Amino acid sequence: MVIFGSSQFRYLALILTSWVTVFFVTRCVLLIGHLPALDLTAKGLATIFTIGLLHDLAFVAYAAVGLAFYLLLCPTKYWHGRKHRLWLTVLFAVGVFAMFFIAVSEWLFWDEFGVRFNFIAVDYLVYSDEVINNILESYPIYPLIALLAVMAVVTTYLMLPALKSTLTAPALPWRKRVIAYTGLIAGALVIAIGVNQHTFGEGGNTYQRELAANGPYQFFAAFRNNELDYRQFYATLPNAKAGQILRSELSENNVRFLNHNALDIRRSVDNPGEPLRRNVILVVIESLSAKYLGSFGNADNLTPNLDNLRRDSLFFNQCFATGTRTDRGLEALTLSIPPTQGRSIVKRLGRESGYGSLGQQLANQGYDSVFLYGGRGYFDNMSAFFTGNGYRVVDQDSVPARDIHFQNAWGMADEDLYRQVIQVADADYAAHKPFFLQVMTTSNHRPYTYPDGRIDIPSGNGRKGAVKYTDYAIGEFLAAARSKPWFANTLFVFVADHTAGSAGQEDLPVADYHIPLFIYAPELIAARDFNGLTSQIDLAPTLLGLLNLDYTSTFFGHNVLTDENQTQRVLIGNYQHLGLFDGRDLAILSPRAGLRRHDDALGLSLERTARISDPLIMRDIAYYQAASYGFQNGLLNWQREQVN
């Protein structure tokens with residue numbers, strides 16, 4: 001009882017209780033803001049707040065260790081000093097400000113991504129320059145910080161009687177402080193063992209599970225667990241069985257596997273016909289969901305240029321992104337690999353290079369492979385990834401300031417980027433060199449700003465304006481390209497990196513991964529709609545097929561145009577949950593060997609637990625088990641082939 005009544009314990013308890021209170025209020029506000037999507041029952045509500053309290057206590061237990069260490073070391077003779085009491089009052093006020101700041105940050109993060117802090121928040125900390133500028137351009141951040149500071153001061157003032165009572169209570173003797181601190185450490189260890197990111201379990205309503213989480217706890221857990229070992233966390237098949245399934249998926253008449261290792265998919269691809277030395281410009285568009293296109297039913301007239309382009313293109317009606325971030329889209333389009341667990345290969349520092357990429361394949365055929373990015377290439381480790389996989393890089397830092405007429409936190413406006421594309425294409429054409437230009441845009445991103453006078457929606461007014469400007473810039477780019485002598489021999493590919501949002505009631509809402517994919521070459525490829533399922537990982541082999549190029553492949557995708565009736569699938573994921581969708585049903589692999597199905601995934605989406613013997617589950621496992629194995633064992637590495 002002496003410990004619990006001591007000044008040190010009461011001060012620590014006051015701060016930690018304040019944290020738990022703010023967490024509770026944050027959870028309530030987020031819950032009220034999303035009631036229609038929660039499908040709440042009394043049991044579900046009780047579960048959210050019970051598991052939520054466990055996560056909150058887990059965080060404060062960790063957070064208390066550092067503060068308690070200070071309270072342990074502070075000599076008793078200084079504890080009740082006037083200056084020390086003032087310092088502890090200021091420390092309390094700073095803690096209250098931090099609580100309010102995190103609560104507001106959680107709301108803004110949830111508004112953007114529909115989840116508590118996760119891998120994305122960790123990335124945002126790493127790439128702080130772009131993120132801070134984005135926040136400053138998107139929100140009235142300085143007035144908001146000032147308001148939070150005022151709220152913290154007022155709260156501290158209202159708490160002064162409790163603080164005074166706490167700080168004038170008897171101090172705890174040294175020996176009892178050691179006992180109390182030892183108990184706190186033991187409690188934190190127990191919580192570390194008993195509470196983790198998966199305490200709520202898997203499946204069910206994603207919003208409910210996220211509401212039960214604790215934002216700061218999730219942040220540090222994501223920072224610690226940014227890579228997951230597949231065999232440790234996910235269901236597996238015998239290697240021979242997984243390899244048999246995957247090779248069946250990838251077998252075509254023109255394919256010959258080169259190794260006996262069941263999980264080694266390296267194979268020779270013999271595309272019929274004479275090789276065609278056509279140029280390729282692959283434009284990867286930031287956050288362009290299919291739902292924004294008028295040709296998919298959007299009535300806001302945001303994409304008139306793309307809607308017209310569809311009529312003149314080979315258009316893939318059912319194309320799906322593999323993930324929810326730019327690095328996932330680039331990984332899939334460049335390496336043709338499923339969205340493996342944990343971080344994308346693009347950001348696995350020290351292991352991001354040396355693969356058989358699309359750029360590497362074309363460079364081996366004599367192409368100038370170039371990655372052009374509207375922002376700075378260090379973001380998401382793009383420069384290291386592309387430089388290490390057969391490309392040269394042109395980014396914002398390599399463009400003269402006179403050529404950039406508008407920029408925001410994420411980079412130059414799309415129209416400035418497209419001018420760089422034209423310049424590189426002109427130079428390669430003059431040098432009689434075929435080119436492969438892979439372009440990554442930035443304008444369709446918060447803060448949604450772009451040059452004035454281009455469209456009828458003022459800059460900075462939200463996603464719709466950014467989509468319409470993105471479409472405008474594409475129209476201007478194609479108009480300029482049509483006047484060039486290399487236009488007639490060039491394939492223009494337009495595809496999104498991911499959609500504008502994939503948060504929802506389910507872990508992997510299939511409809512929210514739907515993206516547009518165009519291949520436009522009016523003098524080379526007949527316009528039509530292709531209705532087969534297409535994944536981003538299928539684009540590289542499909543392009544190489546259109547060019548009649550023979551090559552040695554480590555791609556997990558296939559040329560979807562060779563047989564429109566072949567077994568169909570798309571791979572989708574979100575760092576932890578790994579899915580395979582076959583056009584009707586969705587299989588999901590989760591950590592702790594979780595296996596689920598969503599039957600009629602684009603309709604009623606009925607979730608149920610699945611067995612490992614389920615054929616759809618087995619296909620799902622085969623892709624991800626082989627991709628993880630191939631990455632870990634160097635089976636996806638580039639091996640230069642002799643070009644005839």
Side-chain angles (χ1 to χ4, degrees), residues 108-131 134-135 138 206 210 218-219 222-223 225-228 284-290 319-349 352 371 373-386 409-411 438-446 463 466 470 495-504 507-510 512-515 535-537 539 570-579 624 627:
L108 297 178
F109 190 83
W110 183 287
D111 182 56
E112 180 81 7
F113 299 106
V115 294
R116 306 300 281 264
F117 292 147
N118 59 10
F119 276 90
I120 303 172
V122 175
D123 287 344
Y124 273 18
L125 179 67
V126 173
Y127 301 107
S128 55
D129 185 48
E130 281 84 354
V131 174
N134 177 44
I135 292 171
S138 301
T206 301
E210 290 292 334
Q218 292 292 100
F219 177 87
F223 191 87
N225 300 321
N226 58 15
E227 289 189 27
L228 299 172
V284 186
I285 307 168
E286 173 69 45
S287 305
L288 187 65
S289 304
C319 183
F320 291 82
T322 61
T324 60
R325 298 291 313 282
T326 295
D327 56 297
R328 279 299 186 196
L330 293 176
E331 172 191 66
L333 295 165
T334 306
L335 302 182
S336 183
I337 189 171
T340 52
Q341 71 288 349
R343 279 192 162 191
S344 71
I345 292 175
V346 176
K347 293 192 292 190
R348 296 188 184 184
L349 303 182
E352 72 276 77
F371 175 67
Y373 178 45
R376 292 179 171 86
Y378 67 78
F379 185 78
D380 273 354
N381 201 41
M382 291 185 200
S383 284
F385 172 75
F386 282 98
W410 294 105
Q438 186 166 332
V439 185
M440 182 69 232
T441 72
T442 62
S443 289
N444 190 27
H445 194 296
R446 193 183 298 273
R463 174 76 69 180
T470 294
V495 64
D497 58 348
H498 57 87
T499 60
S502 57
D507 289 311
L508 301 177
V510 177
D512 291 338
Y513 286 75
H514 189 202
I515 58 172
S535 170
Q536 283 177 322
I537 70 171
L539 179 58
V570 294
L571 289 307
I572 61 176
N574 67 355
Y575 296 110
Q576 295 189 38
H577 304 293
L578 313 175
Y624 291 102

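In what follows, residues are counted from 1 in the order of the sequence shown. Keep in mind it's a predicted model, so treat the numbers as computed, not measured.
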Taking [Y]'s backbone N and O only, do any of them form a donor-acceptor pair with [X]'s side chain (distance below 3.5 Å, no angle check)?
X      : Y      : answer
Ser336 : Ile537 : yes
Asn444 : Glu286 : yes
Gln341 : Gln576 : no

Output the distance between atom [atom1] ([X]) and atom [atom2] ([Y]), rounded to the nearest 0.5 Å.
X      : Y      : atom1 : atom2 : value
Tyr373 : Met440 : OH    : CE    : 7.0 Å
His498 : Ser289 : NE2   : OG    : 9.0 Å
Thr334 : Phe385 : OG1   : CZ    : 4.5 Å
Ser535 : Ile572 : OG    : CD1   : 9.5 Å
Thr340 : Tyr624 : OG1   : OH    : 9.0 Å

Can a side-chain donor-acceptor contact be found between Thr326 and Asp497 if the only test is distance below 3.5 angstrom? yes
Flag the pair [X] / [Y] as yes when at least one side-chain heavy-atom distance between them is below 4.5 Å, and no otherwise.
X      : Y      : value
Phe320 : Thr499 : no
Leu578 : Pro338 : no
Tyr513 : Asn574 : yes
Ser443 : Thr441 : no
Ile285 : Thr470 : yes

When Arg343, Glu352, Lys347 are each screened for side-chain hydrogen bond (donor to acceptor under 3.5 Å, both in side chains) with Asn381, the one that passes is Glu352
Between [X] and [Y], what is the shortest heavy-atom contact and its length?
X      : Y      : value
Leu288 : Ile515 : O-CG2, 4.0 Å
Pro339 : Thr322 : CG-O, 3.5 Å
Arg328 : Gly342 : NH2-O, 2.6 Å
Ile337 : Ala627 : CG1-CB, 4.1 Å

Quick one: do Val284 and Val439 satisfy side-chain contact (heavy atoms from CB on, under 4.5 Å)? Show the steps, please. CA-CA 6 Å; Val284 186; Val439 185; over 6 Å; no
Using the test ring pair (Phe, Tyr, Trp, His ring centres under 6.0 Å), find all partners of Phe371 that sit at least two apart in sequence or belong to another chain. Phe386
